[in-house]
Amino acid sequence: MSASIKKIAVAAVLALAAWFGSGALGFPHVFQAMFVAYVALGLAVFLLLDAPPMPRLSGWAAVAALLGFYLVLSVMYIGGASSWPQYDPEVEKGKIEKILKRKRVVVLAEQGRVETMLQRVQALQENSQTVMTRLGRFAPSVQVAEAPQNQGALTVVERGAEVYDLYECYNCHKIGGKGSVKKRGPILDNIGSLLTVNDIKQKIFDPTYLYAEGFEKEHKKGRMPDKYKELMTEEEVLALATYLSTLKDPTAETPKPVFVKANVEHGFTVFGYVREPSGRGLPGAEVHAMPRVKGGHGASGKTNESGYYEIFLHMHNENAGATVDVSAQGVKKTFVADYDPSDTITRRQQSLDLTVAAQ
Ligand code: HEC
């Protein structure tokens, strides 16, 4: 009996050493648990050595005992192995396929470009031939092949949705009802109404930059990974932020961002998209914002290639509650800048999208 107690004590020490030792070496929890399980297995074997010998079995009883033993071992082995976390090879394959698809699209586009160039060269050759043989005769009109549509190329927003999937933001966030079932992080369906593209970018690269209201605890624990700055390219983070900035569903419960690092500026930012009726963002459109206050002055901005604009207005505490007109290409919208002058935490900003006539 005392021998067993000694063995259990030794095993307990070994288990602790295995857990903390492997933890210090940076093994994930699954592996730590596995090492502890090995110690437990060893303990079981050593305890068996102390067990009183079994009565001798023979005949059918021996066969039954052997089969029973085999059955127990099989159940333990298969059950144990399948209770560890599993990787679904199909999911992993899907991810690789996605990365490859993007590469393939680039290669195909490249190929398309080379082909167009070859066609041009051929056309030029024909052209020079006709010039040479042109002796007062009719020269056949030369047609330069038009560049084929760059099919397969994604828009910035589509690319951003892909980046969102690739980096598995859905593990903690929900968009359109899809994603994290355990509510690890906020729903993002209305994030475009709350954050500018630049602020979304900053949040992804530095999760301490701001936190979602109601998620203070998760924020303090650093739940959102801060690895994206090392992993993402500038193109990826811009596409991702652009995609998220188009999500404006006011019925969604996306929590308000609270800025930790930046002071609230004494100004007001208007941001959003100018779109054609088809929903496509309109690049290069001039947008003008004007607060209706005495002596106030307006400001302008231009949309980028996704149709996104940002305008910074010089508005002061006493301008709170002022009406602001925003216009682009003859289309005007109005909103009330109703910030609380004593609130030094909430950003003074308004998202506003405009739809203008087709170009
Ligand atoms: C492991 C979980 C986890 C992953 C993965 C994760 N986030 Fe988060 N995220 C959180 C949590 C928790 C919060 C709320 C606390 C905070 O703001 O720090 C949050 C907050 C946010 C916010 C602010 C939301 C608001 O309402 O203010 C944005 C934007 C965001 N995440 C974007 C992303 C993007 C984009 C990715 C993928 C590149 C991502 N997150 C990956 C956990 C995660």
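In listed order, ligands and their atoms are each counted from 1.
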Smallest separation among heavy atoms of [X] and [Y], with atom names:
X	Y	value
P207	D226	CD-CB, 3.6 Å
A322	V293	CB-CG1, 3.4 Å
M224	I204	CE-CA, 4.1 Å
Y309	L352	OH-O, 2.9 Å
A299	H288	O-ND1, 3.4 Å

Minimum-distance protein heavy atom relative to [atom]:
atom	value
atom 13 (C) of ligand 1	P186 CD, 3.4 Å
atom 18 (O) of ligand 1	H219 ND1, 2.6 Å
atom 12 (C) of ligand 1	R184 O, 3.3 Å
atom 28 (C) of ligand 1	K203 CG, 3.9 Å
atom 25 (C) of ligand 1	A212 CB, 3.4 Å
atom 15 (C) of ligand 1	F215 CB, 3.6 Å
atom 34 (C) of ligand 1	C169 SG, 3.6 Å
atom 1 (C) of ligand 1	C172 SG, 2.7 Å

Would you call D206 and K229 a salt bridge, taking side-chain N to carboxylate O under 4.0 Å as the test?
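Here D206 does not pair with K229 in a salt bridge, since their nearest N and O are not under 4.0 Å apart.
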Electrostatic pair K227:E230 at N-O distance under 4.0 angstrom
no
For atom 8 (Fe) of ligand 1, does an N/O/S atom of H173 lie at less than 2.8 Å?
yes
Pick one of side chain, backbone, both or neither for how I191 approaches ligand 1, counting any non-hydrogen atom pair under 4.0 Å.
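Looking at I191 and ligand 1, just side chain atoms fall under 4.0 Å.
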Heavy atoms only, cut-off 4.0 Å: how does I204 contact ligand 1, side chain, backbone, both, or neither?
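I204 to ligand 1: side-chain contact only, backbone stays beyond 4.0 Å.
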Return a yes/no value for L240: is any of its N or O atoms, backbone included, closer than 3.5 angstrom to an N or O of ligand 1?
no
Should you measure from each heavy atom of L244, which atoms of ligand 1 turn up under 4.0 Å away?
35 (C)
Run the numbers for me: atoms of ligand 1, each under 4.0 Å from some heavy atom of M232, listed by number.
38 (C)
Given the rule in the salt bridge (Lys or Arg N to Asp or Glu O under 4.0 Å) test, do K174 and D189 qualify, once you have shown the distances and angles that lead to the verdict?
CA-CA 8 Å; K174 241 191 190 140; D189 290 83; over 6 Å; no
In terms of its nearest heavy atom to atom 41 (C) of ligand 1, the top option of Y228, Y167, Y211 is Y228
When the ring planes of F335 and F268 are compared, do they come out parallel, tilted or perpendicular, using 30° and 60° as the limits?
parallel
